[in-house]
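Working notes, beginning with the structure itself.
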Amino acid sequence: MLVTGLLLVYLAIRKQFEPLLLLPIGIGAIMTNIPLAGMGESGGVLYYIYAVGIKTGVFPLLIFMGVGAMTDFGPMLANPKTALLGAAAQFGIFITLMGALLLSEFVPGIQFTLLDAASIGIIGGADGPTAIFLSSQLSPHLLGAIAVAAYSYMALVPIIQPPIMRLLTTTEERAIHMQQMRHVGKAEKIIFPLSVFGLCIFLLPSAAPLIGFFMFGNLMRECGVVERLSKTAQNALINIVTILLGLGVGAQLSATTFLNVATIGILILGVIAFAIGTASGVIMAKLMNLVSKTKINPLIGSAGVSAVPMAARVSQKLGMEADPQNMLLMHAMGPNVAGVIGSAVAAGVLLTLKNFVV
Amino acid sequence: MLVTGLLLVYLAIRKQFEPLLLLPIGIGAIMTNIPLAGMGESGGVLYYIYAVGIKTGVFPLLIFMGVGAMTDFGPMLANPKTALLGAAAQFGIFITLMGALLLSEFVPGIQFTLLDAASIGIIGGADGPTAIFLSSQLSPHLLGAIAVAAYSYMALVPIIQPPIMRLLTTTEERAIHMQQMRHVGKAEKIIFPLSVFGLCIFLLPSAAPLIGFFMFGNLMRECGVVERLSKTAQNALINIVTILLGLGVGAQLSATTFLNVATIGILILGVIAFAIGTASGVIMAKLMNLVSKTKINPLIGSAGVSAVPMAARVSQKLGMEADPQNMLLMHAMGPNVAGVIGSAVAAGVLLTLKNFVV
Amino acid sequence: MLVTGLLLVYLAIRKQFEPLLLLPIGIGAIMTNIPLAGMGESGGVLYYIYAVGIKTGVFPLLIFMGVGAMTDFGPMLANPKTALLGAAAQFGIFITLMGALLLSEFVPGIQFTLLDAASIGIIGGADGPTAIFLSSQLSPHLLGAIAVAAYSYMALVPIIQPPIMRLLTTTEERAIHMQQMRHVGKAEKIIFPLSVFGLCIFLLPSAAPLIGFFMFGNLMRECGVVERLSKTAQNALINIVTILLGLGVGAQLSATTFLNVATIGILILGVIAFAIGTASGVIMAKLMNLVSKTKINPLIGSAGVSAVPMAARVSQKLGMEADPQNMLLMHAMGPNVAGVIGSAVAAGVLLTLKNFVV
Amino acid sequence: MVVEGIKLAVTGMLIVFIFLILLVLVVQLSARLLRSYTQQEEREQARYKRKSSAGSPLADSRLIAVIAAAVSAHRKKMRIVN
Amino acid sequence: MVVEGIKLAVTGMLIVFIFLILLVLVVQLSARLLRSYTQQEEREQARYKRKSSAGSPLADSRLIAVIAAAVSAHRKKMRIVN
Amino acid sequence: MVVEGIKLAVTGMLIVFIFLILLVLVVQLSARLLRSYTQQEEREQARYKRKSSAGSPLADSRLIAVIAAAVSAHRKKMRIVN
Ligand code: NA
Ligand code: NA
Ligand code: NA
């Protein structure tokens, strides 16, 4: 396990795989696995961090609040239909969930419960805080593997997504230019987080912690009257919590919970989740082009998985390959941020399992 | 209750009613009242925030420390007599306390204990952290309503105070110019927080948490050797704690504790408290003018309620109305900051009830 | 005890004795000793701070992480042999430990256990977080006195060290110039914290919390991919934790635990620890000169006690006295930072007592 | 259990789509309701931009160089000081 | 209970007044004791102000414009970067 | 117990020395292994320094004054705003 931790540190530093999370996670994994040191056991410092911040769900929610304060929903508000791409990309989550159940049905040695399958599926949400929050609530024993898979595949988005995107689109489609975005007003940006939170309250209360903190962060950003809180939420607070969250998640990476066939299953399912999410985003865009007169470039569909802003950059890159004048980045940010909401909604659905199962 | 939360959010953003606190309180109120989400119940994130930070009194004290680090006592040190105005304005607290007891004597359906009455009275202190700290210790079930009343009325100071101030003063009095302030030395500013803390220790140990943290913050500011601590206390720390405190206080705003006749009583008593505090500050200034040869403008008396710096700005505005050359702001800052000490002392007196009653 | 607290505040502000720690410690000492206020007792705010942050060891480790993020190991990497001076200076720790045992053998009224003696010895490590972490784990009842002694003597380094350094060196030795340092590469700086942590894991797992957090902080600093975490660890996070740690440590300074003959013993042993550490560093440098052809100035040996960067400045000052062209500061930083690792290793050895004794 | 998984997947995707479709509708509605505010804001911004772009472009580019240096110096300083 | 309230109010206001009156006395006392320090500080400040105000006011105003721009640019950058 | 103390002291100092000697060896080893990287880095830095020092020193000193003022203004502003 020390080697696993070191590998994560190496990937973080050398390959820049989401270093803000994977570096602390790697160090936490090393610390917790030092023989005789007991840093992750009851009375050890990592145990306290885990118990206070992760078991309670407080840390991922505070990070989600900070992410909300850093997110500009402008591109999505300018072209709201692209939010549907962020819905479609969540197919990755649910198909992976079924994949996990099939695996435990047919592969001996893998025994995922429905809760475990849900936690594994959320990897396809391509959103770290959501994945950590959900698995901390449903399957704490898989938390480490799921977090590592989620952040690793987010870092691998520039490798996982392009072949799928190329396979599903023609050069002409990839060259589609999208029209300049309209100006989005300040009032619209303030109303938006409140609307999303309102929808969540009436449709899906179980998603309220995730959506609520995410939208609270965004409201602090946009409302213009609490700039000092917004700045702190985006900086000192999210940084402090990131360090502690990383260490606490890493502390869950012990040999018994990580070095087993289930982890291999999770890693395989995780990449499938990303691939399906990517594909369904692209296909959704093509379907929308069948019915709508203003065409959208299907490359921005893949950004619906979230993995903000990496996936949007991939869309931009492939668009420029097809036509160097094609600027998709801002258009891809729409589905990109919608994907964050989409996976938080999916997580809300999965969180309801907690009450029914067990 | 969702509507109440939304109303607070609206007041915070649109009317700029103390948005730093009322926005998080409003969001906290919404979160805690989402049916089936259980965010404020045992195991929910808001419950943890409340239990760790508010029930223990840690959050309001840390905020008070940050406020101390942001407060310049210079104007009060330059003209110490104006501190007496900050004493007089505390009449609002105690008369409201009696008002609360009378209400529960004569209005059926309102049953305030002595502790409740003390917590309600402290609204008249016009100081958020003090009000939250005291009510969290004496009457946790009223905490939400008291915090909302305190911050709302602080925001309404420019509406509540002027008519009372005009009623109690003549145009000539309002036009009194005050002489330029003397320079206050660095050593005086360092000795001051230690003196206040010393007085508190010997006169009123029960006020030590409030006065101690407030003066510790001010000492960090003035001593000149821990600037990095002072800066953090004024920024990252107070902002982080403000977000969490707001959410935690908001989480106490549930229908059973808020939507009742007691809350109406609290809201009515709160505005009376502000009015009496304002009036007694002004009257005290006029009394002092009877015995002192250097006249003070009675308009600065109203700033003794604290509500820093809103009340001082009201004094300035009314002074300029009477004579456009009349600059009262800095002179009003003296009673303004003295009022913070005054209400912390009053809170100390009321905290002793905890030991005698029950 | 109020006087003791006030004395610490005075030393912090007026004499600039490590004010970042001694000011909060002094205030904490005052607060906890206010009669009838109960701020340090169960239910008081200082008690919560102590229980959450110090008893668990979390606060000193977070500070150590921040110190790691602020430490540049470049000078040590450029001239690694000087690290041995940082080893030699730890003699102070162990000789003081024996001194403490002798005291309790022969002085009536002093009854130090082996754990107590170990905690007292660590004062000679001249490193605050290490001393606080070790004594919080081994001898919580001595924590206050040990922290006060450690920080006070660190501040007194410019008075304690020079006579010993002059006594043990000739003017010629003090005038030795050291050759310009080589450039240290980025890769070396990244590998270094991982190497130290690796050595710790295999040689001395009990030192893993201290060395691990210290090196994690340094890795965040040097790896270049998590600058926002590193900046926060060096600023907001360490400042917040310093305020709370100081208050929590100060809260352990009650009359029963501090005003006794044991404290006098600790204070005497502490200064002996510093003196022996200083002397052994200097002597080690002279021994190394006997076998090595490139001479090192023995004045940098004293910097091995750590007390970063005060001790290195003392080396520089005495070097310039002997020869105004003699620039030792950067050379002294090598043993200086090595001394931090040295005392963390020593603390790791002493921490193993926790399992064997009792 | 696979059957339960399928049920969950269908419900889940339905809810995700319903949620985001409603979101699109709400966003479009609020854009329509707030159109006058947004357009006024846009006009003001456009006016402001025209004004500020009227200034000498040469002076601007020099200013920008100075600013960039100041900001980078500030950053370095921060790193040293803190 | 109203009687208790009255008792409490009287004691409370007494203590508040005693506290703040003693505070006024302590502040006045410390101002007197520290007068020499304060006056020296004041003289030094006055001297320093006279010196710095001797600089060319024109250059200053230009500098201030540059600074303001730099600071605002810095802020915007911060918002983007972080 | 003094005997135990002596045992502990001897073990302790041995471990401290072993640890730091191994550390020295590891550092020397890593310096040797990474020598080529380090030297390349050094050459690049030297080249960069030469280049930047070629710029007009006069302009630089003015710039530095402006920057210093901007930074200090920024700091003061920060203090007021926050
Ligand atoms: Na997503
Ligand atoms: Na007040
Ligand atoms: Na040391």
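Each chain gets a letter, A, B and so on, in the order its sequence line appears, and its residues count up from 1. Heavy-atom basis, side chains included; hydrogens, waters and symmetry copies ignored.
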field: Euclidean distance, B/Lys189 NZ relative to E/Leu34 CG, rounded to 0.5 Å
entry: 13.5 Å
Between CD1 on residue E/Ile6 and CG on residue B/Leu97, distance to nearest 0.5 Å: 10.5 Å
- request: Would you mind checking which part of B/Phe192 comes under 4.5 Å of any heavy atom in chain E, side chain (CB onward), backbone (N, CA, C, O), both or neither?
  value: side chain
- request: Identify which part of B/Ala88 has an atom lying under 4.5 Å from any heavy atom of chain E, answering side chain, backbone, both or neither.
  value: both
Locate the shortest heavy-atom distance separating [X] from [Y]; write the atom from each residue and the value.
| X | Y | value |
| --- | --- | --- |
| E/Ser30 | B/Glu188 | O-CG, 4.4 Å |
| E/Glu4 | B/Leu114 | OE1-CD2, 3.6 Å |
| E/Leu20 | B/Gly342 | CD1-CA, 3.9 Å |
| B/Met284 | E/Phe17 | CE-CE2, 3.7 Å |
| B/Ala187 | E/Glu41 | N-OE1, 4.4 Å |
| E/Phe19 | B/Val196 | CZ-O, 3.8 Å |

query: chain B heavy atoms under 4.5 Å from E/Leu22: which part of the residue, side chain, backbone, both or neither?
result: both
query: Relative to chain B, which segment of E/Val2 carries a heavy atom at a distance below 4.5 Å: side chain, backbone, both, or neither?
result: both
State, with a plain yes or no, whether a side-chain heavy atom of [X] is found less than 4.5 Å away from one of [Y].
| X | Y | value |
| --- | --- | --- |
| E/Val27 | B/Phe73 | no |
| B/Leu84 | E/Ile21 | yes |
| B/Leu350 | E/Leu8 | yes |

